[in-house]
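For reference, the structure is listed below as structure tokens.
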Amino acid sequence: MSPPAVLLTGAGKRYDIVSCFARLTTTVVADPSALAPAQYAAHVRAAVPLIDDSDYVPALQSLCDQHGVGAVLPLTDLDIEVLARAREDGRLPALVPSSEVARATYDKYETHLLLQRHSLPSPPTVLPEEDLDALSYPAMVKPRRGSGARSIHLARDSAQARFFVDYVPEPTMVQRAMKGPELSIDCLGDLDGRCLNAIPRTMLESRGGESIKGEVVHDGELIELGCQTMEALRVSGPATIQVFRDPEIGLGITDVNTRFGGAFPAPVYAALPGRTYPELIVRMAAGEAVAPH
């Protein structure tokens, strides 16, 4: 019996992810853009309404029914909360966190508060209307909903922070600039939010905020932090947790992306055969219980 199909939304240029799933099972890509290149790695490609259209989820439901889809995964941040609500309503078999966590992790300041509530390490962070003089500098002025390192500015004192807050034309926050190496932890959670695996990697080179060169490392402290974060937030499906190891304050989580990260090939090549994240997702979609490892 063939495994259930997988539906990937917002595939864009993520040819690496789509082709990996396509080698395992029937893979359906749903993307509003007819020019999304990654769709050509899929067995089925379908144009769907825009994410904020009321027909978006029904269109995905129709594709699931038509092709026997057992798992729906977002490849961008934009529709994670939409898919989370559809999962909670029993409309889609989406591998995403709760809508509450999806909403919080789409906003970097809300992510900071969420991590604090779960006693997970997050760098000192304030909103622009708070006392910027009390923050340690240098600090980063970041859009609360930015992605791809867009509009991030380094402020060396509170005057520069205020300048960049006024300069960036969207809601921002100010976060202590973390020193030390930048790291990521690629994780996978099961349907109940139990962490199945956490694979740390370094960032050797990035482009547009996404890692293009990195090295997988075996680091017990990072593995433990990845597992703690996944299970505290009860994340189902893939997530990439971005971390700095600051020589003064230790580990600090700067972002939680509840989707596959930009350096998708790294955890794929690091995993044992049969235990890559796409293979585990297909097994879970088929109803198999997968043990943490």
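For the numbers below, each heavy atom of this structure counts, side chains included, while hydrogens, waters and symmetry mates do not.
A donor-acceptor pair under 3.5 Å is formed between the side chain of Asp31 and the backbone N or O of Ala11. Thr125 places a side-chain N or O within 3.5 Å of a backbone atom of Pro123 that can act as its donor or acceptor partner. Side chain of Thr76 to backbone of Gly10: no donor-acceptor contact under 3.5 angstrom is found. Counting only distance, with no hydrogens or angles, the side chain of Gln160 and the backbone of Arg156 share a donor-acceptor pair below 3.5 Å. Listed for the Thr27 side chain is a donor-acceptor partner under 3.5 Å among the backbone atoms of Thr25. The closest donor-acceptor contact from the side chain of Glu130 to the backbone of Leu127 lies under 3.5 Å. Judged by distance alone, the side chain of Gln242 and the main-chain N or O of Val256 form no donor-acceptor pair under 3.5 Å.
Of the candidates Val96, Asn257, Val101, Thr105, Val96 is the only one forming a side chain to side chain contact (heavy atoms under 4.5 Å, CB included) with Ile80.
The neighbour count for Glu100 CD, taken as heavy atoms of other residues, nucleotides or ligands under 6.0 Å away, does not exceed 12.
Put simply, Val243 and Met203 are part of two different groups of oily side chains (I, L, V, M, F, W, Y) that touch within less than 4.5 Å, one to the next. Hydrophobic clustering places Phe21 together with Leu95 (ILVMFWY residues linked when any side-chain heavy atoms are closer than 4.5 Å, directly or through intermediates). Cluster membership for Leu115 and Tyr109, using ILVMFWY side-chain heavy atoms within less than 4.5 angstrom, is not shared. Put simply, Ile199 and Ile223 are part of two different groups of oily side chains (I, L, V, M, F, W, Y) that touch within less than 4.5 Å, one to the next. Hydrophobic clustering (ILVMFWY, side-chain heavy atoms < 4.5 Å, transitive): Leu63 and Val18 are in distinct clusters.
Here the closest non-hydrogen pair linking Glu170 and Ser151 is OE2-OG, 4.4 Å. A pairwise comparison of heavy atoms in Gln39 and Ser33 identifies NE2-O, 3.7 Å as the closest pair. Closest approach of Met140 to Leu154, counting heavy atoms only: SD-CD1, 3.4 Å. Nearest heavy-atom pair, Met173 versus Pro128, reported as atom, atom and distance to 0.1 Å: CA-CD, 4.3 Å. The two residues Pro74 and Thr9 have their closest heavy-atom pair at CA-OG1, 3.2 Å. Residue Leu132 comes nearest to Tyr137 through the heavy atom pair O-OH, 2.7 Å, listed as atom of the first residue, atom of the second, then distance.
When side chains are defined from C-beta on, Lys179 counts as touching Pro247, because their heavy atoms get closer than 4.5 Å. Between Gln61 and Pro58, the closest side-chain pair of non-hydrogen atoms falls below 4.5 Å. Counting heavy atoms from C-beta on, the side chains of Arg45 and Val28 never come closer than 4.5 Å. Taking the side chain as every heavy atom from C-beta outward, Glu81 and Ile51 never approach each other to under 4.5 Å. In this structure, Phe244 and Thr254 have side chains that are in contact, with non-hydrogen atoms separated by less than 4.5 Å. Side-chain contact check for Tyr277 versus Phe264: every heavy-atom pair is 4.5 Å or farther apart. The shortest distance between side-chain heavy atoms of Ile281 and Leu73 falls below 4.5 Å. Looking at Val290 and Asp190, their side chains never come closer than 4.5 Å, going by heavy atoms from C-beta outward.
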Take Val29 and Tyr40 through the test side chain to side chain contact (heavy atoms under 4.5 Å, CB included) and record every step on the way to the result. CA-CA 9 Å; Val29 161; Tyr40 294 99; over 6 Å; no

Where do Leu225 and Ile253 land on the side chain to side chain contact (heavy atoms under 4.5 Å, CB included) test, with the steps shown first? CA-CA 9 Å; Leu225 179 62; Ile253 298 172; 4.1 Å; yes

Assess the residue pair Arg201 and Leu183 against the criterion (side chain to side chain contact (heavy atoms under 4.5 Å, CB included)); give the C-alpha distance rounded to whole Å, side-chain angles, the decisive distance to 0.1 Å, and a yes or no. CA-CA 6 Å; Arg201 56 181 164 83; Leu183 305 145; over 6 Å; no

So His293 and Asn197, side chain to side chain contact (heavy atoms under 4.5 Å, CB included) or not? Walk me through it. CA-CA 6 Å; His293 54 275; Asn197 200 354; 3.6 Å; yes

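Counted by atom type alone, Thr240 and Asp186 present one or more donor-acceptor pairs between their side chains at under 3.5 Å. A donor-acceptor contact closer than 3.5 angstrom links the side chains of Glu88 and Ser99. His43 and Thr26 are not linked by any side-chain donor-acceptor pair at a separation below 3.5 angstrom, with hydrogens and angles left out of the test.
Considering CG of Leu222 and CD1 of Ile185, their distance stands at 5.0 Å, rounded to 0.5 Å. Here the OG atom belonging to Ser236 is positioned 8.0 Å from the CE atom belonging to Met230, to the nearest 0.5 angstrom. In this structure, the separation between CG on Leu233 and OG1 on Thr258 is 9.0 Å, given to the nearest 0.5 Å. Considering CZ of Arg85 and CG of Leu92, their distance stands at 11.5 Å, rounded to 0.5 Å. In this structure, CG on Leu196 lies 5.5 Å from CE on Met284, to the nearest 0.5 angstrom. The NE2 atom of His118 sits 10.5 Å away from the CZ atom of Arg234 when rounded to the nearest 0.5 Å.
Electrostatic pairing of Arg245 and Glu221 counts as a salt bridge here, judged by a charged N lying under 4.0 Å from a carboxylate O. Salt-bridge formation is not detected for the pair Arg259/Asp79: no Lys NZ or Arg NE/NH1/NH2 atom is positioned less than 4.0 Å from an Asp or Glu carboxylate oxygen. Note on Arg283 versus Glu279: no salt bridge recorded, every NZ/NE/NH1/NH2 to OD/OE distance being 4.0 Å or above. Under 4.0 Å is where a charged nitrogen must lie from a carboxylate oxygen, and between Asp107 and Arg144 at least one such pair does. Ion pairing of Arg87 with Asp89 is absent here, as no side-chain N (NZ or NE/NH1/NH2) approaches a carboxylate O to less than 4.0 Å. Under 4.0 Å is where a charged nitrogen must lie from a carboxylate oxygen, and between Arg145 and Glu110 no such pair does. The pair Asp192-Arg194 does not meet the salt-bridge criterion, since no charged nitrogen lies less than 4.0 angstrom from a carboxylate oxygen.
Taking the six-membered ring where tryptophan is involved, the planes of Tyr167 and His153 are perpendicular, since the angle between them exceeds 60° and thus also 30°.
Grouped with Tyr15 in a hydrophobic cluster is no other residue, since no side-chain heavy-atom contact under 4.5 Å to another Ile, Leu, Val, Met, Phe, Trp or Tyr is found.
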